[in-house]
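The block underneath contains the structure these notes are about, expressed in structure tokens.
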Amino acid sequence: MKIRKEGEIEYRFEHPDDFRNFVRDKRSRKPEPKLRSAKEAVSRFVSDGDYLVYDFSSLTRGPQSLIREVIRQRRKDLWIGAEFTLHESALLTGAGCVTRIDVGFLGYGGYIGQAVCEGKVRVYDWTNGGLALRMLAGARGVPFLPTRDLLGSDNMAVSAAKVIEDPYTGLPLAAVPALNPDVAFLHVHQADIFGDARIFGTNLFALEAAMASHRVIVSAEEIVDPEEFRKDPMRTTIPYFLVDAVVHAPFGAYPGAMPARYEIDLPHIDILNGIQTEEQMQKYLQETVYSVADHEEFLDKRVGAAKMRELRGKATIIEGYR
Amino acid sequence: MKIRKEGEIEYRFEHPDDFRNFVRDKRSRKPEPKLRSAKEAVSRFVSDGDYLVYDFSSLTRGPQSLIREVIRQRRKDLWIGAEFTLHESALLTGAGCVTRIDVGFLGYGGYIGQAVCEGKVRVYDWTNGGLALRMLAGARGVPFLPTRDLLGSDNMAVSAAKVIEDPYTGLPLAAVPALNPDVAFLHVHQADIFGDARIFGTNLFALEAAMASHRVIVSAEEIVDPEEFRKDPMRTTIPYFLVDAVVHAPFGAYPGAMPARYEIDLPHIDILNGIQTEEQMQKYLQETVYSVADHEEFLDKRVGAAKMRELRGKATIIEGYR
Amino acid sequence: MTRMVEFTDTEFMIAQGARLLEDGKTFFVGWGIPQVVAILGQKLYVPNVIQLFEFGAIGPQSVLPFVRGTMGGPQNTYRSLQWLNMNWAFAYSAAGYMDYGMLGALQIDPYGNINSTFLGGTYRTPKRRFAGSGGGNQVASHCWKTIIVIRHEGRRFVPKVDFLTSPGYLTGPGAREKAGLPAGTGPYRVVTSRGLFGFDDETKRMTLLAVLRGLDPGEVV
Amino acid sequence: MTRMVEFTDTEFMIAQGARLLEDGKTFFVGWGIPQVVAILGQKLYVPNVIQLFEFGAIGPQSVLPFVRGTMGGPQNTYRSLQWLNMNWAFAYSAAGYMDYGMLGALQIDPYGNINSTFLGGTYRTPKRRFAGSGGGNQVASHCWKTIIVIRHEGRRFVPKVDFLTSPGYLTGPGAREKAGLPAGTGPYRVVTSRGLFGFDDETKRMTLLAVLRGLDPGEVV
């Protein structure tokens with residue numbers, strides 16, 4: 001049982017031995033080709049009721065093409081954990097995919113706020129630091145980690161964080177439970193067919209999420225030769241044996257930006273920010289998700305070569321992203 | 001008071017608020033030139049009775065020139081914390097600098113083993129994982145971190161690790177106390193005059209140690225332009241505001257190897273491994289440390305250009321070290 | 001003759017906030033207006049300020065144009081000293097390396113407790129739901145001095161916040177320490193569109209420090 | 001005719017150990033002889049084994065010449081999948097990603113508890129002091145199956161180890177779990193210069209599996 005209840009509060013928690021058993025029995029260490037279409041990857045590794053995490057946001061390096069595929073496949077009752085869940089939460093809620101959200105930072109626009117007020121979706125406030133630490137605990141195989149924040153705030157009361165006493169000083173500390181999601185989405189700059197992956201720039205909790213999750217789907221702007229990774233091990237963000245599927249997804253972060261590859265599409269973001277009503281939401285989903293077969297058709301028919309060229313041209317800050 | 005006693009056991013521990021106060025009041029955030037001679041850096045930042053940590057070992061990227069300077073300045077009553085304390089512990093003990101050692105891995109050669117048996121130096125066994133976790137706790141500003149090892153072993157009994165109960169599962173966990181050393185030595189490939197530093201290859205706990213320590217001395221094979229760091233932030237191991245002094249030390253890891261720069265000097269290592277008696281130890285210290293004024297004279301008179309050329313030539317594995 | 005320059009409330013807040021930055025110090029910068037304050041401050045007054053962002057950018061020198069609402073894009077990650085991740089970013093603040101934190105807020109109470117989660121109703125059935133903490137809770141918990149930037153509207157200054165998202169002085173003197181938060185930390189300044197507030201050393205309650213020229217204190221408090 | 005090849009006890013142990021490696025699995029490799037076993041095994045039998053070292057090398061393909069006694073040098077860090085640090089290395093094992101661990105030992109008891117810290121006397125005044133755990137305690141605690149490589153000498157096989165450095169089955173069935181160690185882990189094989197040992201599923205005590213050809217079990221047990 002991976003969902004715990006404490007009064008009003010539900011939280012995802014798995015005994016570390018149960019997660020370890022899954023890692024031993026179900027995760028392959030063999031270098032096997034894992035290149036899949038988004039359709040295959042999502043249908044195989046994302047089930048109704050799953051707990052889903054992803055790295056970064058709808059504005060920056062978010063796995064937007066994978067999230068659109070989840071919507072296209074009309075997954076139900078997902079629980080998402082997101083430090084920055086910006087438009088993702090609104091779209092997934094509008095599509096009826098999500099019933100619970102651990103945040104983080106919940107935004108934007110009127111739609112998701114309204115959905116929370118109407119009880120369409122339940123939000124649990126863990127804070128960004130709390131979620132990052134839960135993921136680190138999940139990756140380190142410990143059931144909790146302690147921290148000197150959350151204390152004294154109402155986030156303690158609405159999450160399953162607990163106050164514990166430090167055995168060395170007697171200080172009150174906040175303990176947060178490990179998080180071991182069913183599936184993690186990571187959109188990266190480069191990956192090979194086995195799953196080795198590179199992110200350029202900062203990340204929120206990419207390696208933590210890959211280690212702590214049952215399944216990991218990597219979508220990559222570019223597929224590179226596996227030899228590239230062994231030649232430059234300092235640049236590997238995720239090694240292949242943590243990855244279950246690799247999806248080649250150029251412009252996979254669209255309409256958000258992929259640092260040093262393409263800029264954010266602001267007019268499109270303004271449309272997203274403007275979504276207030278159910279009608280506007282369903283119209284947007286119809287146009288951008290349901291009415292196209294896949295990401296390739298989306299780019300071809302809804303974005304277009306000219307726009308992609310324009311956004312690539314706007315990505316003028318390259319320094320350091322390699 | 002930074003030393004705690006529990007029966008037979010002594011351990012270094014500082015209340016996280018005390019360490020935070022030091023960081024607020026005594027550590028500068030200003031980009032000031034910090035280039036110092038090893039003599040200046042050690043005399044200013046290493047005092048008798050200090051707790052000293054360093055990253056890696058006498059065989060690989062260890063701060064050997066700084067350790068020789070500590071011996072030359074005849075520091076007393078040092079306590080060292082080292083995951084791999086190989087010849088360092090023997091030399092520092094032989095020179096009468098060290099009275100306590102937290103390990104880790106204690107080696108090599110007969111001398112240090114004999115010194116422990118004779119009670120010349122006290123050893124506390126925390127294990128490598130335990131020391132790395134203590135350092136992470138110190139860097140994260142929490143008084144302890146939990147782990148699922150040490151449990152059931154005699155290391156629990158001879159260190160100040162404690163068994164605690166996990167608030168989520170009731171599992172027994174080992175808690176290790178935060179470690180906030182007085183000073184950390186880090187030998188790096190590149191640094192700038194402000195203290196920004198790069199290590200190529202793996203490290204044991206370089207960033208943890210730099211954040212968790214009161215003072216940080218970086219010795220660098222090469223001094224580079226500060227602009228290099230801002231152009232490539234993914235490659236920064238330590239940012240300047242964690243560093244108190246920068247020492248330019250080519251061959252600073254000698255007789256150990258500096259990955260991709262020079263290989264280990266095996267004949268010299270064999271001499272170190274062969275040290276058994278007090279007489280052999282004092283002879284070695286006289287020749288390699290006391291009889292030379294500084295690292296530059298050591299390289300010039302005791303190593304020599306030909307040997308350095310030879311060791312540079314042997315460093316044929318370059319791939320990935322950049 | 002003097003030249004007249006018109007400015008909006010928001011511009012005034014941003015300008016005020018930028019003047020509070022101290023050079024050669026570290027600032028943990030929250031999402032939104034604080035980002036703009038930090039950019040302005042670094043360009044005008046404090047070239048050697050070290051900005052830190054929760055998404056892992058250590059010491060960036062942000063460039064314009066700054067894309068509204070973004071965090072973690074190349075613009076405010078540019079020319080960092082170091083690129084890491086969120087757990088490391090909060091390690092810097094938790095270990096005491098962050099001198100200042102700067103946050104926006106929906107509501108604030110006399111002890112500087114911040115609400116950025118919801119307004120009205122209950123947590124489960126709020127009247128209006130907002131972003132929530134993001135990393136604000138960690139910033140307000142860890143940083144030595146927290147600066148809060150907030151619009152000067154009566155409904156934002158309340159005796160009790162609807163939800164305590166990020167801790168101020170909680171219930172008063174000693175309450176932060178009693179809760180286990182790092183000692184010696186807490187709210188430092190509140191910058192509004194009309195004035196500047198501090199906190200009384202004894203009572204830990206907000207006190208007026210300065211008002212916008214042309215207004216009298218009565219219009220501010 | 002058959003060709004005679006002489007080998008030393010150590011060479012035999014190394015060869016035996018190398019045959020135990022399983023391809024396509026992960027191995028946490030301890031200091032010393034296990035490093036040599038891993039190199040031999042990867043070159044001879046198991047190209048797709050993923051080696052992991054506590055100093056942060058994930059999946060290296062070590063090259064020769066291997067410098068005796070070194071750990072973390074370029075030779076056994078070469079062509080890694082990823083270079084990290086010690087806390088990350090032990091996260092991989094703690095989270096269950098390490099199928100096998102391989103360690104040397106000074107002493108071993110019937111439950112596979114390992115001593116690598118001291119021999120004789122007491123902890124404070126030992127007769128002989130050795131390296132201690134290094135990362136061996138974490139390897140023996142986290143990895144699913146631990147393989148121990150040890151010289152076959154009577155004084156090394158003892159009813160009770162002088163110091164329990166790295167946990168085997170502790171006092172017997174269920175003891176590891178009771179102590180809080182990850183469930184389902186423990187010693188798997190003991191490779192000596194004369195034979196191969198396993199552990200009884202029921203009693204968790206060491207049992208002889210095979211002996212060096214030419215010896216009879218009496219010479220081994």
Side-chain angles (χ1 to χ4, degrees), chain B residues 8 56-57 59-61 83-84 86 103-108 112-114 116-117 119 122-123 125-130 132-133 135-136 147-155 157-158 163 171-174 201-208 257 259-260 263-264 266 269 273 315 317 319-321, chain D residues 31 53-58 63 67-75 77-80 83-87 89-90 93-94 113 115 117-118 121 123-142 161 163-167 170-171 175-176 178-182:
Chain B
E8 263 272 287
F56 236 151
S57 76
L59 300 179
T60 308
R61 204 180 44 73
E83 290 182 336
F84 295 98
L86 306 185
V103 290
F105 183 99
L106 180 78
Y108 309 152
I112 185 66
Q114 196 52 37
V116 173
C117 295
R122 284 172 81 86
V123 174
D125 286 84
W126 288 92
T127 78
N128 277 357
L133 197 60
M135 202 66 75
L136 183 60
T147 185
R148 295 189 73 193
D149 42 64
L150 294 169
L151 298 156
S153 81
D154 287 340
N155 301 292
V158 301
V163 176
L171 272 175
L173 300 170
T202 69
N203 69 83
L204 301 184
F205 50 30
L207 181 54
E208 291 94 323
E263 252 303 343
I264 189 169
L266 281 177
I269 294 295
N273 292 343
I317 299 175
E319 204 173 74
Y321 292 98
Chain D
W31 176 87
F53 291 89
E54 63 193 82
F55 57 82
I58 315 299
V63 285
V67 182
R68 178 179 47 76
T70 62
M71 202 187 209
Q75 290 80 6
T77 308
Y78 188 56
R79 285 177 56 80
S80 293
W83 284 343
L84 295 166
N85 61 18
M86 187 171 282
N87 279 312
F90 288 131
S93 55
N113 299 308
N115 173 20
T117 304
F118 75 87
Y123 179 69
R124 273 287 146 238
T125 55
K127 279 211 174 53
R128 295 180 66 198
R129 168 74 205 202
F130 297 86
S133 164
N137 178 275
Q138 283 70 42
V139 171
S141 299
H142 300 168
V161 289
F163 187 89
L164 202 166
T165 309
S166 302
L170 300 176
T171 56
R176 281 177 72 92
K178 190 159 175 297
L181 293 168

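Proteins get letters first, then strands, A, B, ... in listed order; numbering begins at 1 in each. Treat the numbers as computed from the prediction; the structure is a model and nothing was measured.
Contact tally against chain B (heavy-atom pairs below 4.5 Å) for D/Ser133, D/Pro74, D/Gly132, D/Ser141: the top residue is D/Pro74. Note: B/Asn128 leads B/Asn203, B/Asn128, B/Leu171 in heavy-atom pairs under 4.5 Å with chain D. Taking chain B as the reference chain and counting heavy-atom pairs below 4.5 Å, the highest number among D/Phe130, D/Tyr123, D/Tyr78 is found for D/Tyr123. No other option in B/Ile264, B/Leu136, B/Thr147 has as many heavy-atom pairs under 4.5 Å with chain D as B/Leu136. Residue with the most contacts toward chain D among B/Asp125, B/Val116, B/Leu266, B/Thr60: B/Asp125 (heavy-atom pairs, distance under 4.5 Å). With chain B as partner, the option from D/Pro126, D/Gly134, D/Ala140 having the largest number of non-hydrogen pairs under 4.5 angstrom is D/Gly134. For chain B, the option among D/Thr125, D/Ile58, D/Asn113, D/Asn87 with the highest count of heavy-atom pairs below 4.5 Å is D/Asn87. Residue with the most contacts toward chain D among B/Thr127, B/Val163, B/Val103, B/Leu173: B/Thr127 (heavy-atom pairs, distance under 4.5 Å). The choice from D/Lys127, D/Gln75, D/Arg128 that makes the most heavy-atom pairs within less than 4.5 Å of chain B is D/Gln75. Ranked by heavy-atom pairs shorter than 4.5 Å toward chain B, the options D/Gly180, D/Ser80, D/Ala175 are led by D/Gly180.
Only the side chain of D/Thr117 comes within contact range of chain B, with at least one heavy atom under 4.5 Å from a heavy atom of that chain. Contact of B/Tyr321 with chain D is made through backbone and side chain together, with heavy-atom distances under 4.5 Å. Both the backbone and the side chain of B/Arg122 come within less than 4.5 Å of a heavy atom in chain D. Looking at B/Leu207, neither its backbone nor its side chain comes within 4.5 Å of chain D, counting heavy atoms on both sides. Heavy-atom distances place both the backbone and the side chain of B/Glu319 under 4.5 Å from chain D. Looking at D/Val161, there are no atoms closer than 4.5 Å to chain B (heavy atoms on both sides), in backbone or side chain. In this structure, chain D has heavy atoms under 4.5 Å from both the backbone and the side chain of B/Leu133. Heavy-atom distances place both the backbone and the side chain of B/Thr202 under 4.5 Å from chain D. Only the backbone of D/Leu84 has a heavy atom closer than 4.5 Å to any heavy atom of chain B.
Taking all atoms of both residues into account, the shortest heavy-atom contact from D/Arg129 to B/Cys117 is N-SG, 3.7 Å. Contact detail for D/Lys178 and B/Pro172: the closest heavy-atom pair is O-CG, 3.6 Å.
With rounding to the nearest 0.5 angstrom, the CE atom of B/Met135 is 12.0 Å from the CG atom of D/Asn85. Summarising the geometry, atom CE belonging to D/Met86 is positioned 10.5 Å from atom CD belonging to B/Glu208; distances are rounded to the nearest 0.5 Å. Rounded to the nearest 0.5 angstrom, D/Trp31 CH2 and B/Phe84 CZ are separated by 10.0 Å.
In this structure the side chain of B/Asn155 reaches within 4.5 angstrom of the side chain of D/Phe163, judged on heavy atoms. At a threshold of 4.5 Å between non-hydrogen side-chain atoms, the residues B/Asp154 and D/Thr165 do not count as touching. Between D/Phe118 and B/Leu106 the shortest side-chain heavy-atom distance does not fall below 4.5 Å.
With hydrogens and angles ignored, the 3.5 Å screen pairs a side-chain donor or acceptor of D/Asn137 with a backbone N or O of B/Leu150. Although no hydrogens or angles enter the test, the distance criterion places a donor-acceptor pair under 3.5 Å between the side chain of D/Arg124 and the main chain of B/Val123.
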